[in-house]
Amino acid sequence: MEDNMISIAGGFQYSVNIDYDVGNAKKVASYVPTDAFVSLTSDVIDSLESLSTNRSRIVVGPYGTGKSHLITVIASVLKKSIQVENYSPLVGRLKQAGYDSFVQKFERFLHGEPYLTVLLNGNGKDLEQTFTYGLQRALLEAGVQDLMPRTSFEVANETLGLWATEYPSTLADFKSLLSETYETTYSNFYEKLMEFDHRAMSAFRAIFPKVTAGTEFNLFDTRDVPDLYREVSVLLRDKGYRGVYVVFDEFNKYLESSIQEGKMSDLKLLQDLAEMCNRSGEAQVHLMLISHQHMSQYATGLSDELLDTWRKVEGRFTSVRLRQSSTKTYQLIATVIEKEPVKWGSFLKSNEAEFHMQSKATRENGLFRELKEDEIERWVINGCYPLHPSTVFCLPRISNRLAQNERTLFTFLSTEDMNTLGFYLSHADDERYSLLTLDVLFDYFMDLAQKQRNQDSLGKSFLKARESISKMGASLRLVETRMLKCLAVLVGLEEPNFPPTYSNLEFCLSSGGQSDSEELANAFKNLVEQKIVYERKSD
């Protein structure tokens, strides 16, 4: 189909990076608000009140829930990184979706004072280094780097500078010991020191007495991380900021490496920081962790004592699990699939019989029981076209079960890779009524299903279908192959309202009034006779 009749919403991209996109006006303008956005944003706004004691939270959501895009929008408002008028499309969508009571609250949020927004990432470094370096970078970006209190790293840097100008022989001895003891160059060591790497600081402390006649390194003007952030928050008040807001994206990566390496000292820092945030009062410091699972879920397999420690730390954070109602998910998909009004109106009239037949079959199937008839018509049949209703129903469910970063509901909708909506739109006939049927989801998610064949029923059923297709080879007709792929989805999903029956298979492969019932019946009969499919007569 030509892009000028059906296209993906402008700026809608599957990959959102909070650090890079927080100042991207197009990303904010393209965001489609959900219940999760309204709930979390409202909670964040409440926590900005002076007397709030709820300023540490962990946002949990698997791949494909859109959490990065959601947090990017919130962070952009906190940071005041784009002009207020750029939020107009988002405000319009909020009103259109019926969130009128929230709109006034959100608009006040848009015009509030900025927060120094510190964006962190679980990049494998220890927590103290991550938080210290992140704060320095945020202050530098905001042009208020002079507010960064002196740390042991800064004192070490000043000491090395002094040696370079006043005591070159001392610096030469230091470099020699550094090479002999730690097998690293001075330039590499210095680069790590400037990144607040504590291994570099440990090396500096160990060598310092050996080149200064036994004198210990003076740490009198250092700060620990909670004190560092609290002090900066106080100083920021005179610069027009209301406080500090820390967003730690991909926190699950830190959790995985931390548990594997047993970094118990980091747990104490995390706990102290959360407590400081919740008690920060007027000198506001907020901490939001973004993860795919709860902390304690990553700690399974540890001793009871360690697991209990992780749970205590987790208890310092308000847990926010991003869940999206199926109704809102269908609306989201429909909003993303944009139609050019004039051409779409003409297309609806030209194919009125096909749309009517598909709508009738969908209502009779009872697949969308949570939706009213007019909602099925508006969001599923028309709004999600050219997706088949069964594809609309199964896509979010498969994504929730199998999704990884490279394969989600959003990548399926927004890319032009093989077996995606984008690929289909770029190759389909603009004039012809045609639906993207359920079997394409089998092809799209097959690799992920195979990886999880021992953990998920979808993986097992996908693998069985692939083995059957491979075994039969060229003797299988295309319609039979498509039927096996649809059957694999129905069996694996184990949805009570969408069981693996022949009538449901026929529905999945139909295109309104154009389905060939006789061809489908013959195909199913052949699969049964070939003992590829077993049909229980009882149900």
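These figures come from a predicted structure and were not determined experimentally.
Side chain of Q129 to backbone of E195: a donor-acceptor contact under 3.5 angstrom is found. With hydrogens and angles disregarded, a donor-acceptor distance shorter than 3.5 Å links the side chain of K67 to the backbone of G61. The main-chain N or O of K27 is found under 3.5 Å from a side-chain atom of H69 such that the two form a donor-acceptor pair. A donor-acceptor pair under 3.5 Å is formed between the side chain of R93 and the backbone N or O of A29. T72 contributes no side-chain N or O that, together with a main-chain N or O of V22, makes up a donor-acceptor pair within less than 3.5 Å. K339 places a side-chain N or O within 3.5 Å of a backbone atom of Y385 that can act as its donor or acceptor partner. Of the possible polar contacts, one joining the S47 side chain to the V44 backbone as a donor-acceptor pair under 3.5 Å is found. Of the possible donor and acceptor atoms, none in the side chain of R242 sits under 3.5 Å from a partner among the backbone N and O of G112. With hydrogens and angles disregarded, a donor-acceptor distance shorter than 3.5 Å links the side chain of N400 to the backbone of P396. Distance alone, capped at 3.5 Å, places no donor-acceptor pair between the S291 side chain and the H294 backbone.
The pair K312-D308 counts as a salt bridge, with a side-chain nitrogen and a carboxylate oxygen less than 4.0 angstrom apart. Taking a cutoff of 4.0 Å between a charged side-chain nitrogen and a carboxylate oxygen, D227 and R230 qualify as a salt bridge. Using a 4.0 Å cut-off between charged nitrogen and carboxylate oxygen, D224 and K268 do not count as a salt-bridge pair.
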Check: residues 371-378 side-chain donor-acceptor pairs under 3.5 Å, at least two apart:
{"unit_1": "E375", "atom_1": "OE1", "unit_2": "K372", "atom_2": "N", "d": "2.9"}
{"unit_1": "E377", "atom_1": "OE1", "unit_2": "S359", "atom_2": "OG", "d": "2.7"}

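The aromatic rings of F248 and F251 stand perpendicular to each other, their planes meeting at an angle above 60°, with 30° marking the opposite boundary. The aromatic rings of F37 and F106 lie perpendicular to each other, with more than 60° between the two planes, well past the 30° mark. Using bins of under 30°, 30° to 60° and over 60° for the plane-to-plane angle, the ring pair F204/F189 lands in the parallel bin.
The one candidate from T132, L270, T130 that meets the side-chain contact (heavy atoms from CB on, under 4.5 Å) condition with V225 is T132.
Side-chain contact, D35 with Y99: a donor N or O sits under 3.5 Å from an acceptor N or O.
Counting heavy atoms of neighbouring residues, nucleotides and ligands inside a 6.0 Å radius, atom CD of Q104 does not exceed 12 of them. Heavy atoms from other residues, nucleotides or ligands lying under 6.0 Å from CD of E370 number more than 12. When the shell of 6.0 Å around CZ of R279 is examined, it contains 12 or fewer heavy atoms from other residues, nucleotides or ligands. More than 12 heavy atoms of other residues, nucleotides or ligands sit less than 6.0 Å from atom NZ of K105.
Note: Y87 OH to L90 CG = 8.5 Å, rounded to the nearest 0.5 Å. One finds the SG atom of C384 at 8.5 Å from the CG atom of L413 (value rounded to the nearest 0.5 Å).
Judged by the 6.0 Å and 45° rule, K80 forms a cation-pi pair with F109.
In this structure, the side-chain contact (heavy atoms from CB on, under 4.5 Å) partners of R401, at least two apart in sequence or on a different chain, are D456, S457, L458, L493.
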